[in-house]
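First listed ligand is number 1; within each ligand, the first listed atom is number 1. What you see below is based on every heavy atom in this structure, not just the backbone, and it leaves out hydrogens, waters and symmetry mates.
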Amino acid sequence: MTKPVYLDYAAATPLDSRVKKAMETFWDQQFYNPSATYMAGRAAKQALDQARMNIAKTLGSKASEIIFTAGATEANNLVIQGVMRQFPEAEMVVSAIEHDSVLEPANLFNSREIPVNNQGIIKLDVLERLINDNTVFVSIIFVNNELGTIQPLQEVGNLIRVHLDHRRQKGIKLPLYLHTDAAQAPNYLNLQPSRLGVDMLTINGSKIYGPKQTGALFIKAGIKLQPLILGGGQEMGLRSGTENLPGAAGLAKALELAQHERSEQAERTRQLKKEFINRLEKKIPIVVINGSQKHSSPHVVNVSFPGFDNERLMMELDERGIIVATGSACSAEDSEPSHVLRAIGLSDKQARSCLRFSFGRQTSKTNIKLTVDTIKDLTSSDR
Ligand SMILES: Cc1ncc(COP(=O)(O)O)c(C=O)c1O
């Protein structure tokens, strides 16, 4: 059987062999509990600290600002609930195109949504109006997982700083933090929190050729969090449970490689994306490319196929050995269409005609060509 064409890298990436190697010793050699005080345990703790330091080095932060989690969902929950539980009367603001792991915990609190324009970029003027003296938390996704759009985090950071200045003048002591879910960003964009102007940042191992169920939260020194998981007090008391040392080592290596190789990968992937869009538009003129192309990560293309049902198209492509995703993040067949596609103004019917194609290290020009030819075949009227 020929290998399928995999175009769903935004959902999962294969483990990099270099990452696998970096994890190897921690499965069966240095398997000791990092909290154990005998020598082997202390060595395991040292290895964990080394992984933390490596992540900090890649991010240009301090090791004490990194908390290991089991993926991005947990990091997002920890940061939102960890901050907001301390300020039950306060407000938070999130973009309308956040991942559910931000939207769902945000719904537990007084939260407001920043709309996006039809290109999938947040409306900064509305954000400015939504932030008031009672807002403590703003969360904006860095690269959207369905559209690939890149949000203007630096502008948001500037806006927050201006607001904080006003607050100081008024003698208001309430903090105001900026968090970004950067799960989709590390393979292509600079991730350093100080450059982005964010206070907190979520990382996900499974999208960067690292191990699944690994992630980390960067949280600027001095910011207090309430833990979600209580127990033995690991991770500076913020995330109890025996540490996942192989996972931490793998995550650190994966992040280092992603950031080291990002320029080269961005260039290569940008070419593939350009070629894909050009071919699609030429061969299937009805298609509509969703979201901004100017402010977009090279790895995601979201396409409407007006008049076609995305689930059916996805299944037919699957049968022909091409793996793509529907534009929606629906889990059940009859569930609601994607909130992201609705946020950019698509009707439910339009949203149900969208497919998400996402590229990665193994995607080739041949894959792109075959995919467009196959879609052309599946959508042509004389079938
Ligand atoms: C932007 C974004 N945030 C969070 C997540 C959640 O990641 P995980 O399910 O690995 O915790 C994902 C995964 O699809 C994502 O794309």
For Asp165, check side chain to side chain donor-acceptor pair (under 3.5 Å) against everything at least two apart and list the hits.
-> Arg168

Report all N/O contacts between ligand 1 and the protein shorter than 3.5 Å as a table of atom names and distances to 0.1 Å; if there are none, say 'none'.
{"unit_1": "ligand 1", "atom_1": "3 (N)", "unit_2": "Asp181", "atom_2": "OD1", "d": "3.4"}
{"unit_1": "ligand 1", "atom_1": "3 (N)", "unit_2": "Asp181", "atom_2": "OD2", "d": "2.6"}
{"unit_1": "ligand 1", "atom_1": "7 (O)", "unit_2": "Asn204", "atom_2": "ND2", "d": "2.9"}
{"unit_1": "ligand 1", "atom_1": "9 (O)", "unit_2": "Thr73", "atom_2": "OG1", "d": "3.4"}
{"unit_1": "ligand 1", "atom_1": "10 (O)", "unit_2": "Asn204", "atom_2": "ND2", "d": "3.0"}
{"unit_1": "ligand 1", "atom_1": "11 (O)", "unit_2": "Ala72", "atom_2": "N", "d": "3.3"}
{"unit_1": "ligand 1", "atom_1": "11 (O)", "unit_2": "Thr73", "atom_2": "N", "d": "2.8"}
{"unit_1": "ligand 1", "atom_1": "11 (O)", "unit_2": "Thr73", "atom_2": "OG1", "d": "2.7"}
{"unit_1": "ligand 1", "atom_1": "14 (O)", "unit_2": "Lys207", "atom_2": "NZ", "d": "2.8"}
{"unit_1": "ligand 1", "atom_1": "16 (O)", "unit_2": "Gln184", "atom_2": "NE2", "d": "2.9"}

For residues 211-222, which side-chain N or O atoms pair as donor and acceptor with protein atoms under 3.5 Å away, sequence neighbours left out?
{"unit_1": "Thr214", "atom_1": "OG1", "unit_2": "Pro211", "atom_2": "O", "d": "2.7"}
{"unit_1": "Lys220", "atom_1": "NZ", "unit_2": "Asp199", "atom_2": "OD1", "d": "3.0"}

Between OG of Ser95 and CD1 of Ile141, what distance do you get to the nearest 0.5 Å?
-> 6.5 Å

Under the side-chain contact (heavy atoms from CB on, under 4.5 Å) rule, collect the residues that match up with Ser297, sequence neighbours excluded.
-> Val143, Tyr188, His299

In plain terms, say whether Glu275 and Arg279 are close enough for a salt bridge, that is, a side-chain N and a carboxylate O under 4.0 Å apart.
-> yes

Does a side-chain N-to-carboxylate-O contact under 4.0 Å join Asp16 and Lys21?
-> no

